[in-house]
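Read the structure below first, then the notes.
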Amino acid sequence: MDESASLKEKEKAEEEMIEQTFQGLLNDYLATKHRKRIEIITKAFNFANQAHKGIKRRSGEPYIMHPIAVAKIVCNEIGLGSTSICSALLHDVVEDTDYIVEDIENIFGPKIAQIVDGLTKISGGIFGDRASVQAENFKKLLLTMSDDVRVILIKIADRLHNMRTLDSMLPNKQFKIAGETLYIYAPLANRLGLYKIKTELENLSFRYEHPEEYREIEEKLAATAAERDKVFNEFTAPIREQLDKMGMKYRILARVKSIYSIWNKMQTKHVPFEEIYDLLAVRIIFEPRNMEEELNDCFDIYVSISKIYKPHPDRLRDWVSHPKANGYQALHVTLMGNNGQWIEVQIRSERMNDVAEQGFAAHWKYKEGGGSEDEGELEKWLRTIKEILDDPQPDAIDFLDTIKLNLFASEIFVFTPKGDLKTMPQNSTALDFAFSLHTDIGRHCIGAKVNHKLVPLTHKLQSGDQVEILTSKSQRVQPEWEVYATTARARAKIAAILRKEAKVNQKKGETTLADFFKAEEIHLDDANIEKLTKLHNFHTRDELLVAIGSKKLVLGEADKNAFKEKQSANWKKFLTFSFGNKDSKDNKEQPEEKTPQEKINTKQILKLTEETIQKNYIMADCCHPIPGDDVLGYIDDENRIIIHKRQCPVAARLKSSYGNRIIATQWDTHKDLTFLVIIYIKGIDCMGLLNEVTQVISRQLNVNIRKLTIETTGGIFEGKIQLYVHDVDDVRTICDNLKQIQNIKQVTRVEE
């Protein structure tokens with residue numbers, strides 16, 4: 001009796017909590033400028049609550065708390081209205097319960113049903129073991145996005161809530177979800193202008209992948225906060241005075257660089273935290289005198305503050321006149337503060353700030369009638385994606401990489417010969433520009449004139465270039481163009497054209513090969529085709545057929561001889577197996593029986609001991625992990641476990657593409673094994689420096705140096721030392737000791 005009473009009490013408490021949380025969502029919605037459609041939101045909540053009744057999340061809380069949390073993010077952090085809030089509340093109903101999309105349509109109408117259907121498509125899907133479920137889902141995500149961009153915005157909100165509640169997941173799931181978030185969702189949020197969400201997704205991913213580094217940077221930021229506040233107040237005091245004189249309505253905020261951005265900069269620039277000088281930026285957000293004056297007000301503020309502090313001549317970024325592709329508008333100027341440090345100031349209106357925080361969703365706020373999509377840059381981007389999707393990619397991972405090229409890209413502005421302005425991703429080449437104009441222009445282009453000078457197709461374009469594409473009807477797409485192209489659109493088009501040509505050549509190759517076998521009286525079977533493939537060092541039979549069809553490979557005497565030798569080779573093989581020493585030789589040649597994949601439990605945490613490292617695991621060549629590094633395991637196609645550093649780019653790709661093969665791993669070594677690392681040093685050249693370096697490493701620390709290269713130019717030396725260590729602690733000790741040498745200014749571990 002007591003048990004059932006306490007169960008009822010618990011249920012009652014849960015119902016009250018759910019009701020309160022939903023009431024919080026309604027209050028948030030009522031505070032927005034959207035039309036107040038309370039009834040439909042309440043109806044969606046009641047429907048979802050009933051559908052998920054009794055179901056718990058892994059954390060133990062009622063499942064309905066997740067859809068409410070996603071709806072809150074959609075409302076407060078992305079700024080969407082009732083249609084999106086309802087879709088967020090219903091987003092898991094079709095996938096997790098017996099209801100179907102038609103039920104949603106009958107109750108809530110076609111628009112909400114279409115969005116819920118889009119969200120369900122992304123989650124579902126059964127693919128072969130080799131295909132990447134995540135990449136295929138991403139493909140579907142972009143397909144549905146071109147119907148209604150709200151699908152992707154709700155999906156990003158869903159992912160943000162999953163990341164905020166990742167604690168309750170198993171470690172291998174945490175790595176998979178965090179890796180996928182960094183690889184796909186953070187760049188997508190960035191591309192859609194959701195800067196705040198993009199930053200939080202990056203930080204959360206980083207926190208789960210590198211907990212110690214995250215904590216370290218967090219503590220250092222906290223320790224330097226008081227000093228930053230002082231700098232901020234001193235720097236902004238004269239600016240406030242000036243803006244008050246101008247009669248502006250404004251607010252000034254301090255923006256501190258995110259933990260992930262700091263770490264990223266430390267990695268790419270090989271500098272410690274103390275040498276990151278742009279931790280602080282200042283944001284001036286103003287209310288324009290009227291909307292027509294908005295742009296002028298930006299420049300007036302810039303002129304007035306650059307009278308107070310000296311601006312950096314090369315660091316003015318005008319995204320006011322030319323907004324970024326994701327709609328971002330602001331004026332960025334870098335000023336020299338009184339403390340001798342450069343400080344970036346971002347000037348934007350309240351409207352521009354809304355767009356920066358909420359991306360494309362904010363455009364609807366300022367659009368009459370609240371249209372469901374923004375014309376302009378988002379439309380162009382969706383069109384590009386649609387074109388890429390129209391050419392089916394052979395591999396979902398290739399597709400993912402192709403799209404990723406454009407997710408993080410910054411923009412440049414180039415002009416056509418007639419003076420039309422075109423937005424292109426940074427690092428675009430003349431070839432990319434040709435394909436952006438038209439596929440036919442790209443297919444037949446032979447070169448370009450940039451600012452009236454002849455340049456090759458590989459020429460990198462700069463902002464402000466005027467570009468004219470030169471074409472020839474006889475020109476055909478070359479395979480190396482895939483390397484020259486940097487935009488997703490151009491790469492996809494080139495790949496599609498090459499695939500089409502390869503198919504034609506493959507057909508020709510099949511005919512030629514059949515004729516050759518017939519003439520030589522060789523049986524046309526898989527074994528013989530495989531023999532030819534290996535003979536000419538091709539990976540697949542398709543490659544062999546394409547080479548024969550395009551006449552790159554002409555079958556001749558060597559091929560005939562290979563088949564003449566066949567019978568005698570078989571006889572020898574037979575003799576070896578029949579009369580060889582079975583106990584010794586055959587046993588050696590038998591490959592070890594591989595563990596079936598089912599036996600490797602991806603949910604367990606593998607302990608990396610000396611014995612297991614030597615016997616069972618392979619250390620990845622791409623990132624050379626050593627004990628103490630944050631690592632994970634990946635089960636490859638041959639059931640071997642490969643150990644990667646968690647931040648390794650290859651691992652990032654694997655986490656988002658083959659998440660179900662990721663294993664959480666921990667080091668459990670005792671300084672028995674040694675691993676090769678590379679230490680980079682830089683400083684001022686002086687007599688006897690090399691001697692000091694080798695003394696510290698060899699004598700004091702008793703470490704073996706494998707290779708040492710030093711180069712000196714203009715009194716500055718740079719060097720790389722390859723040496724054997726036991727773990728990350730050894731590396732830290734070596735770096736700390738080398739830093740003690742007077743003229744060495746920089747010491748860091750690098751990959752190569």
Where [X] and [Y] come nearest, the two heavy atoms and their spacing:
| X | Y | answer |
| --- | --- | --- |
| A157 | V74 | CB-CG2, 3.7 Å |
| L632 | R646 | CD2-CG, 3.9 Å |
| K257 | I262 | O-CD1, 3.6 Å |

Any donor-acceptor N or O pair under 3.5 Å, side chains E294, S349
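The answer is yes; a qualifying pair exists.
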
Centroid-to-centroid, H210 to Y214, below 6.0 Å?
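Not under 6.0 Å, so no.
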
So, the side chain of E200 versus the backbone of K196: is there a donor-acceptor pair under 3.5 Å, distance only?
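Checking the backbone N and O of K196 against the side chain of E200, no donor-acceptor pair under 3.5 Å is found.
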
Please answer whether the main-chain N or O of D730 pairs with a side-chain N or O of D727 as donor and acceptor at a distance below 3.5 Å.
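Yes: the side chain of D727 pairs with the backbone of D730.
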
Salt-bridge present (E180, K176; N to O < 4.0 Å)
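Looking at K176 together with E180, the answer is yes, because their closest N to O distance falls below 4.0 Å.
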
Are D354 and R351 close enough for a salt bridge, meaning some N to O gap below 4.0 Å?
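Answer for the salt bridge query: no.
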
Residue list, salt bridge (charged side-chain N to carboxylate O under 4.0 Å, His left out) with E213, at least two apart or on another chain
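With neighbours one apart ignored, the set is empty.
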
Salt bridge (charged side-chain N to carboxylate O under 4.0 Å, His left out) involving K173 - partner list, sequence neighbours excluded
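Expected list: none.
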
Please check if the number of heavy atoms outside E227 that lie under 6.0 Å from its CD is greater than 12.
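Atom CD in E227 is not packed in, count stays at 12 or less.
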
With ring-ring contact (aromatic ring centres under 6.0 Å, His included) as the rule and sequence neighbours excluded, what pairs involving residues 266-298 come up?
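Counting only pairs at least two positions apart or across chains, no ring-ring contact (aromatic ring centres under 6.0 Å, His included) contact touches residues 266-298.
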
Plane angle bin for F299 and Y302 - parallel if under 30°, tilted between 30 and 60°, otherwise perpendicular
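Perpendicular.
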
